[in-house]
Amino acid sequence: MTGPTDVLRFALRQGPLRGLLHDPIVVDERVATTACLPPRSARADRGRPLPTGVHELLAAVPYPDGRVAAPVSVPGAVLAAAFGPLRREPSNPANDHRVTASVRSKFPVHVFTVPPEGPAGYLDPYRHAVVDLEPGPAGGPAPRPAPGDLNVVLAGRHTDLPTPYGVLRCALADLEVGINLRSLLAAAELFGLRASVRLSGPDVAEAARLVAATGPGSWSAPVVVTLHGVGGLPPAEALEPVGGGTLDDELDALLDAETGHPSLLETAAALAPRLSGPAGPSGAGRALPEPSLPAPPRPTAGSGPAPDWARVWWNRSAGRVPRPLSGFSARPVTRGEDCLRSLLAWAAAPAPAALHEVAARVRITAVPQRLAGLPTGRYELVDGALQLREDDPELPRRMESLFGYPLTPANDCGVRHATVLWVFSADLRSLVEDLGPAAWGLLQVWCGWVSHGLTLGAAAHGLFARPARSFDEHRVADLLRLPEAESPVFLTACGATRYAEPMLDLRPC
């Protein structure tokens, strides 16, 4: 499946044709998944501990213009800031909260490191260390960076997502790679690092071989990020043993079995263009907004501390509800011009250069309510500003009726109370035919990139941001009056949660 026609057919099955060709997705959360299971070769007992207290460094830096002074171990601090666990929510049945959003909190994106020499590593967030990878059948680690640099490889393991998602696991993994890419580059910019990014070409193909050699699983096309001039990670030392026993044996067997699932064989073919194509431009874009980003209003006396980067990281949420409900809640709130400007600035920060052509093909439609005094309705994002296309006070409520997880006694849905809905749409046929079969996967990465920016901009103003692909594409397209050739491909809902509880802080001190 390397031609535009095959890739377009595969893309349509995960979007506009999903409801016609596939049964509704029903996930039994009691069924075991491989989420949070390190690859087989990443369970060794030697590795390089990450520095502690990174959140304290971020807490000393004011949002939005502050930057972190270089700590003792720059690369380790960046990895801890970008990917470390944040908190445990006692009534939440999902996995512990991290900096990045993830479908059903499965966190399918895994992080690998490749130094100029020595063993490659695997970031184990719960051992707070980069574990030395045991040698695999593919030989030594690749691709190697220049002396003084460090390569970070991001790859999504499709088998970490529930089997009923089928071929949709391909798009979801690429979307989450984009989210994690933005998180990594945002942390790198906070620490003053220079980076470069490869999303296709020989380095990506070498990284794919490295990832595949770590054990069974179906993997997304990797993204390779080079952090320049960061020096090395600390020397390896003994780590606490992890895993083993009956549970790991069962999960390894599940990985082995799922790797051959028919939907994932199709997925592997759809990824081939990213691995066999030429290398694109390596510019990293800009993960943080321009320094002119407006700061949130300073809190009044007794209302809490002034915003800092640790608080923004901590506040990042996709919204939730208490057990036994599923979905997410929201409540009506009013936000001002400063919030709108912040969200627009985060959305506009340019993605890595390899995504620019794809970005130019995407329309962003916004549906705000009680935001910056704007009339509720349909807006288009044009040149960094919202332009009103249709005044419609009922549009958020009508959007909720098209969401994949509607309001029921067992599920909450806060779309009707969202502060702003962001919908990304594109002409998939034109995209794939004009830019080639790799463009569809790059589109997913770009959507994830923008969505994570929106989540951080929302967090700075006390809002959650929920990335979603679960909606009726045809009816959403009609409701938003999109051109006939365009399909909505992603949605992010920003709003204020109406549910909260005490939480356990998991950040290492």
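Just so it is clear, the values below take in all heavy atoms, side chains as well, and ignore hydrogens, waters and symmetry mates.
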Enquirer: Do His55 and Trp314 have ring centroids that are under 6.0 Å from one another?
Expert: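 Aromatic pair excluded; centres sit 6.0 Å or further apart.
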Enquirer: Which of these passes salt bridge (Lys or Arg N to Asp or Glu O under 4.0 Å) with Arg40: Asp248, Asp249, Asp256?
Expert: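 Going through Asp248, Asp249, Asp256 one by one, the salt bridge (Lys or Arg N to Asp or Glu O under 4.0 Å) with Arg40 is satisfied by Asp256 alone.
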Enquirer: Taking 4.0 angstrom as the limit, do Arg43 and Asp252 come out as a salt bridge?
Expert: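 Counted as a salt bridge, because a side-chain N and a carboxylate O are separated by less than 4.0 Å.
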Enquirer: Hey, does the Lys NZ or Arg CZ of Arg320 hover above the aromatic six-ring of Tyr499, less than 6.0 Å from the centre and inside 45° of the axis?
Expert: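 No, Arg320 and Tyr499 do not form such a contact.
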Enquirer: State whether Arg87 and Asp505 are salt-bridged, where the test is any N-O pair (Lys NZ or Arg NE/NH1/NH2 against Asp/Glu carboxylate O) under 4.0 Å.
Expert: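 Salt bridge: no.
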Enquirer: To the nearest 0.5 Å, tell me how far Asn315 CG sits from Phe464 CZ.
Expert: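 Answer rounded to 0.5 Å: 13.5 Å.
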Enquirer: How many angstroms lie between CZ in Arg209 and CG in Leu275, if you round to the nearest 0.5 Å?
Expert: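 If we round to the nearest 0.5 Å, Arg209:CZ and Leu275:CG are 9.0 Å apart.
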Enquirer: Between Asp308 and Arg311, is the closest basic N to carboxylate O distance under 4.0 Å?
Expert: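 No, this pair does not count.
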Enquirer: Going from OG on Ser218 to CG on Leu271, what distance comes out if it is rounded to the nearest 0.5 angstrom?
Expert: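 Between atom OG of Ser218 and atom CG of Leu271 there are 7.0 Å.
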Enquirer: Name the atoms and distances for all side-chain donor-acceptor pairs under 3.5 Å in residues 186-194, with sequence neighbours left out.
Expert:
residue: Glu189; atom: OE1; partner: Leu288; partner atom: N; Å: 3.2
residue: Glu189; atom: OE2; partner: Ala287; partner atom: N; Å: 2.5

Enquirer: Are Trp422 and Phe490 close enough that their ring centers fall under 6.0 Å?
Expert: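 Distance test on ring centres: not under 6.0 Å, no.
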Enquirer: At what distance, to the nearest 0.5 angstrom, does OG1 of Thr33 lie from NZ of Lys106?
Expert: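 Reported value, rounded in 0.5 Å steps: 3.5 Å.
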Enquirer: What about the rings of Phe112 and Tyr122, do their centers lie closer together than 6.0 Å?
Expert: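 Aromatic pair counts; centres sit under 6.0 Å.
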Enquirer: Looking at Arg169 and Asp160, does any basic side-chain N land under 4.0 Å from a carboxylate oxygen?
Expert: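 A salt bridge is absent here (no side-chain N lies under 4.0 Å from a carboxylate O).
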